[in-house]
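Single-structure report; data block below.
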Amino acid sequence: MAKKIRYLDRNKEPMIEASERVKSFREYALGFSPNLALDEAKRCLFCKDAEQRCIKGCPIHVDIPGFIKKITEGDLLGAYKKIIETDVFPSICGRVCPQERQCEGSCILYYDTVRDRKAKGLPVSIGALEKFVGDFVRISGIKLTEEKALPTGMRVAVVGAGPSGLACAYDLAKRGHEVHVYEALPKAGGVMRYGIPPARLDREIIDYEVQRLESLGVKFFYGHVVGRTVSLSQLKEDYDAVYLSVGAGRGKLGLKGDHLKGVFSAIEVLTRVNLMEAYRFPEAPTPVDLGRKVAIIGGGFTAVDCAITSLRLGLETHVVYRRTRETSSARQEEWDHLLEEGAKIHWLTQPVEVLGNEKGEVIGLKCIKMELGEPDESGRPRPVPVPDSEHVIECDSVIFAIGQQANPLAYEGILETTRWGTVKVNEMYQTSVEGIFAGGDVINGGDTVVRSLAHGREAAKFIDEYLRTKNWTFTGG
Ligand code: FAD
């Protein structure tokens with residue numbers, strides 16, 4: 001009998017109620033139960049042309065039908081092994097990847113509702129299934145013996161312990177190299193640790209992945225700011241190769257009034273709360289004072305994470321974005337969650353000035369309304385000001401969640417950079433200095449966890465090749 005195609009009955013991950021979840025930083029998407037996961041896996045049609053669909057949509061080309069098939073067979077360890085052939089951190093990617101624009105956006109059960117508005121059905125919940133498989137292995141405590149090549153005697157330094165550095169370290173260790181990771185912060189994870197709130201990504205998961213690396217022999221050196229504690233050139237002398245993955249974690253301000261007391265960059269607020277646990281102040285030593293009302297400028301992942309954070313700090317939360325919801329780079333479901341949690345979202349609103357009182361403290365954000373005009377160079381309709389639409393959003397603090405930049409401290413004056421300040425590399429992730437490779441946000445200025453991870457893995461392959469051949473082809477330009 002032909003399989004019934006279940007276009008619409010996509011299983012939903014259970015969530016903590018909005019009124020409850022804003023009271024804590026606990027993860028609110030609770031994950032599939034085994035029954036839900038099995039039922040969802042059975043929706044997959046195991047398309048013959050999956051390589052042109054979900055697999056192609058995934059930036060690292062996980063064998064999606066392959067791992068989902070294993071779930072339907074009850075072989076969860078097999079499903080896990082299938083995923084980590086390409087995605088070393090399933091529990092993380094299952095949670096944070098924008099799947100609707102990647103694998104799920106290419107699922108045959110789905111017809112692009114955003115562009116064509118002809119809904120055929122809902123895609124298989126690939127992200128939630130990946131998360132389920134990763135969580136199953138972690139929570140059940142299964143100790144997986146990961147194969148590792150015999151020691152090569154070669155040593156590689158990785159600078160920065162974000163997803164790119166961690167993925168590179170993983171692959172290099174598996175190839176038998178001795179890997180030392182230098183990280184400025186007291187813990188590993190990069191943005192996943194200091195940016196994404198625990199409400200979206202439980203810290204136990206990052207700790208688990210770091211332990212996996214440690215058990216492969218990777219050594220971590222925390223509190224080492226490359227460019228201060230040790231120079232990149234010194235690392236190049238001390239090691240056979242270096243992988244630079246310092247991300248793009250420098251916040252940017254840029255509006256009249258941004259000198260006022262109460263103006264913050266997103267990275268500062270998120271680091272204080274998510275890494276230093278300012279929400280536990282005074283038990284934790286680091287405070288964060290945003291007053292009672294906060295206005296967050298931006299429409300991407302960072303703005304959403306600031307809003308998740310400020311709502312959990314009990315603040316009246318305004319998000320101000322000059323474009324529309326559809327054109328924002330954050331996930332649509334995240335906007336739904338924020339609205340449920342009580343955030344006020346001001347679409348098509350352009351901030352023009354931060355207003356202050358005589359003490360130099362923020363009292364409001366002056367904005368104008370926008371409407372959509374002709375497409376700009378990115379193809380998106382350009383927002384244009386609506387005449388006489390000036391208004392003020394009253395607030396005690398303003399967070400800039402726009403345009404993070406690479407921080408050049410580690411490589412300034414050493415590596416060639418682009419005009420955007422990112423590190424120049426060739427297709428093998430080689431930089432202008434022989435022996436130093438780079439990848440992740442430091443070369444692309446800000447992307448996604450999965451793409452940074454992909455850079456790390458690909459770079460590991462080229463580093464391994466370089467260690468054997470000493471072939472260096474960077475020509476600049
Ligand atoms: P990072 O994650 O930035 O890691 C770089 C590491 O290098 C950091 O640990 C840093 O402390 C360290 N470092 C920096 N300078 C030095 C130095 N001089 N010496 C030593 N160490 C140094 N993507 C998604 O796919 N999904 C999401 O939900 C998502 N949410 C996001 C939320 C926020 C707030 C932000 C800012 C980004 C988000 N992104 C998301 C994007 C994603 O997190 C990044 O693309 C990714 O983390 C980049 O990885 P990376 O390893 O290149 O750099």
Side-chain angles (χ1 to χ4, degrees), residues 59-60 89 92-102 127 157-169 180-197 199-201 206 210 220-232 235 242-252 265-271 273-275 296 298 300-309 329-331 333-334 399 401-412 414 422-423 438-457 459:
I60 45 175
F89 307 132
I92 294 179
C93 290
R95 280 168 170 78
V96 305
C97 281
Q99 288 102 6
E100 66 283 3
R101 299 201 288 269
Q102 300 172 340
V158 171
V159 183
S164 200
L166 294 177
C168 187
H180 293 176
V181 181
Y182 290 84
E183 167 56 51
L185 295 174
K187 287 185 172 169
V191 171
M192 304 184 299
R193 173 84 65 175
Y194 74 76
I196 298 178
R200 281 213 292 132
L201 176 62
I206 309 174
V210 173
F220 287 85
F221 298 91
Y222 296 113
H224 278 65
V225 183
V226 173
R228 285 271 188 280
T229 330
V230 57
S231 71
L232 191 58
L235 289 179
V242 178
Y243 181 62
L244 183 76
S245 50
V246 289
R250 186 152 80 167
K252 205 169 85 174
S265 78
I267 297 301
E268 179 180 351
V269 172
L270 293 172
T271 306
V273 180
N274 297 326
L275 181 74
I296 298 157
F301 288 129
T302 312
V304 165
D305 284 343
C306 288
I308 291 176
T309 302
S329 58
R331 305 180 70 175
E333 64 173 31
E334 300 284 359
I399 303 177
I402 41 170
Q404 265 76 249
Q405 294 170 324
N407 183 341
L409 183 67
Y411 56 85
E412 201 161 35
I414 301 174
T422 51
V423 171
D441 278 3
V442 75
I443 66 164
N444 61 28
D447 202 323
T448 52
V449 165
V450 69
R451 275 193 224 281
S452 305
L453 183 153
H455 284 185
R457 297 205 79 179

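In this chain, residues are counted from 1 in sequence order. None of the values given here were measured: they were computed from a predicted structure. Start at 1 and go down the list; that is how both ligands and their atoms are numbered.
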key: Closest approach of any protein heavy atom to atom 52 (O) of ligand 1, naming residue and atom   = D441 N, 2.9 Å
ask   = N/O to N/O below 3.5 Å, does that happen between V449 and ligand 1?
value = yes
inquiry  = Heavy atom to atom 28 (O) of ligand 1, shortest distance: which of R200, R193, E183, K187 holds it?
reply    = R200
remark   = for atom 16 (C) of ligand 1, nearest protein heavy atom and its distance come out as V246 CG1, 3.5 Å
task = Work out whether the distance between some heavy atom of G249 and some atom of ligand 1 is less than 4.0 Å.
result = no
query = Looking at ligand 1, does any of its N/O atoms fall within less than 3.5 Å of an N/O of A184?
reply = yes
ask   = What's the shortest distance from atom 36 (C) of ligand 1 to any protein heavy atom, and which residue and atom give it?
value = T302 OG1, 3.5 Å
request  = Could you tell me the residue and atom name of the protein heavy atom closest to atom 26 (N) of ligand 1, and the distance to it rounded to 0.1 Å?
outcome  = V96 O, 2.8 Å
inquiry  = With side-chain contact (heavy atoms from CB on, under 4.5 Å) as the criterion, how do Y411 and V159 come out once you've worked through the C-alpha distance, each side chain's angles and the decisive distance to 0.1 Å?
reply    = CA-CA 11 Å; Y411 56 85; V159 183; over 6 Å; no
inquiry  = In this structure, does ligand 1 have an atom that sits under 4.0 Å from one of the heavy atoms of N407?
reply    = no
message = Among P163, G162, G165, which one puts a heavy atom closest to atom 47 (O) of ligand 1?
response = P163
ask   = Under a heavy-atom criterion of less than 4.0 Å, does G446 contact ligand 1?
value = no
